[in-house]
Every structure is written in structure tokens, then in C-alpha cells.
Amino acid sequence: QVQLVESGGGLVQAGGSLRLSCAASGLTLSSYAVGWFRQAPGKEREFVAGHSWSAGGTTYTDSVKGRFTISRDNAKNAVHLEMNSLEPEDTAVYYCAANRWGGVSRQVVAYDYWGQGTQVTVSS
């Protein structure tokens, strides 16, 4: 059974930092592309960042470039999202997702597996 479990969310003041983690079981992340998405209340789920093990590439949406960093931990079969200089606009539920074809996509439908999400709240 495939599971993706996010952790690390919480409440932080603007300008602060959080580190999200996505731990996988039932699959080996190095064979997948992983994406981080977020969904704010009343809004559609949007792409934040993604990493492809096979291609070795990392992609960020423009609003988080220079503030967020995605990294992988092959030994723990996990991926992390380091978020710095957080802004109230970053408030959302953050999800990790994996797709089997191995390429990073900004499209929700491209991903086969999803975690349950972790709440990030940034106060002003």
C-alpha cells in the first residue's frame, strides 16, 4: 500500500521558516517525480515545487523562488520543502504528490499518489 505522509506544518509569523517533510512507504521515491502543492481556502490546488530523481531537475513556481527549497533524502525515502521568509499569502494546506512517469508537472492530474496534507498558517 502506497502512502505519502506530510509533516512539519504549523503556525509561524511572517518572515519565519518551516520545514515540511514527505515520507513515502510502498514506493521508492527515487523512481518517481515528486511535487509539492498547496491549497488555500476557496482556491484551487496549485503547484509549488517539484523534483525529478531521474532527470535531476527541480522546479519552483515564481512566487516561491528564492524562498523555498526542495531536497531529497534517499536514505529515508523522503523529500523536504524548506520554506523561508514566509508570507501570509503562503497560508494553505500543503500536499506532496508522486507520479510514476518521473517528470515534474505543474498539473494536479499528472500525479498518481497524494498525501493527506499539512496545514501551514503564516500570521502577519
Side-chain angles (χ1 to χ4, degrees):
Q1 181 181 0
V2 174
Q3 276 194 315
L4 300 177
V5 179
E6 302 95 337
S7 61
L11 173 63
V12 64
Q13 288 188 330
S17 299
L18 284 173
R19 185 178 188 243
L20 305 184
S21 297
C22 175
S25 59
L27 61 81
T28 302
L29 282 179
S30 58
S31 299
Y32 290 72
V34 174
W36 283 97
F37 289 75
R38 65 188 179 187
Q39 188 166 18
K43 295 188 177 181
E44 293 187 351
R45 193 169 297 188
E46 66 172 355
F47 175 83
V48 175
H51 177 76
S52 170
W53 266 255
S54 57
T58 303
T59 304
Y60 300 93
T61 195
D62 287 347
S63 63
V64 308
K65 284 180 180 177
R67 300 189 298 123
F68 290 12
T69 303
I70 193 170
S71 63
R72 66 192 198 195
D73 186 338
N74 289 342
K76 295 184 177 180
N77 201 26
V79 65
H80 307 289
L81 184 68
E82 186 78 34
M83 306 187 297
N84 298 313
S85 302
L86 283 162
E87 304 168 352
E89 293 75 20
D90 297 315
T91 295
V93 177
Y94 283 70
Y95 300 88
C96 70
N99 78 53
R100 288 171 289 191
W101 64 280
V104 174
S105 172
R106 297 172 182 262
Q107 303 301 316
V108 170
V109 295
Y111 291 81
D112 304 292
Y113 304 105
W114 290 85
Q116 82 289 348
T118 186
Q119 177 71 48
V120 171
T121 304
V122 184
S123 62
S124 57

List the atom of A78, the atom of A23, and the distance in Å for their closest heavy-atom pair. CB-CA, 4.2 Å
Which value, rounded to the nearest 0.5 Å, describes the distance between H80 atom NE2 and R19 atom CZ? 4.0 Å
Look up atom OG in S21 and atom CG in D73, then write down how far apart they are to the nearest 0.5 Å. 8.5 Å
I would like to know whether R38 and E46 meet side chain to side chain contact (heavy atoms under 4.5 Å, CB included); could you show each step before the answer? CA-CA 5 Å; R38 65 188 179 187; E46 66 172 355; 2.7 Å; yes
So, the side chain of N99 versus the backbone of G103: is there a donor-acceptor pair under 3.5 Å, distance only? yes
Show the nearest heavy-atom pair for residues S52 and V104, with the distance to one decimal. N-CG2, 3.6 Å
Filter on salt bridge (Lys or Arg N to Asp or Glu O under 4.0 Å), then keep only pairs touching residues 101-124, sequence neighbours left out; what's left? R100-D112
Report yes or no: does S105 contribute a side-chain atom to a donor-acceptor pair with the main-chain N or O of Q107 at less than 3.5 Å? yes
Nearest 0.5 Å please: distance from the SG atom of C22 over to the CH2 atom of W114. 10.5 Å
Taking the six-membered ring where the residue is Trp, are the ring centres of F37 and Y111 under 6.0 Å apart? yes
Shortest non-hydrogen contact from T69 to Y60? CA-OH, 3.4 Å
Under 3.5 Å, is there a donor-acceptor pair between the S17 and N84 side chains? yes
Give the C-alpha distance, both sets of side-chain angles, the deciding distance and a yes or no for side chain to side chain contact (heavy atoms under 4.5 Å, CB included) between L86 and L18. CA-CA 8 Å; L86 283 162; L18 284 173; 4.1 Å; yes
State whether the side chain of N77 and the backbone N or O of L27 hold a donor-acceptor pair below 3.5 Å, judged by distance alone. yes
Closest non-hydrogen contact found for A98 with L29 is CB-CD2, 4.4 Å
Worked verdict on E89 versus T91 for side chain to side chain contact (heavy atoms under 4.5 Å, CB included): CA-CA 5 Å; E89 293 75 20; T91 295; over 6 Å; no
ILVMFWY cluster, L81 and V108 together (side-chain gap under 4.5 Å): no
Hydrogens and angles aside, do H51 and T58 bring a side-chain donor and acceptor to less than 3.5 Å of each other? yes
Is there a continuous path of hydrophobic side-chain contacts, each under 4.5 Å between heavy atoms, that joins Y94 to V12? yes
Sequence-distant partners of V93, side chain to side chain contact (heavy atoms under 4.5 Å, CB included), two or more places apart: Y95, Q119
Side-chain donor or acceptor of E6 paired with backbone N/O of L20 under 3.5 Å: no
Does V64 belong to the same Ile/Leu/Val/Met/Phe/Trp/Tyr cluster as V120, with side-chain heavy atoms less than 4.5 Å apart forming each link? yes
Using the rule given for ring-ring contact (aromatic ring centres under 6.0 Å, His included), can you reason through W36 versus F68, listing the C-alpha separation, both sets of side-chain angles and the distance that settles it, and then say yes or no? CA-CA 11 Å; W36 283 97; F68 290 12; 9.8 Å; no
Show the nearest heavy-atom pair for residues A14 and S124, with the distance to one decimal. CB-CA, 4.4 Å
Donor-acceptor check, side chain of R67 to backbone of S85, threshold 3.5 angstrom: yes or no? yes
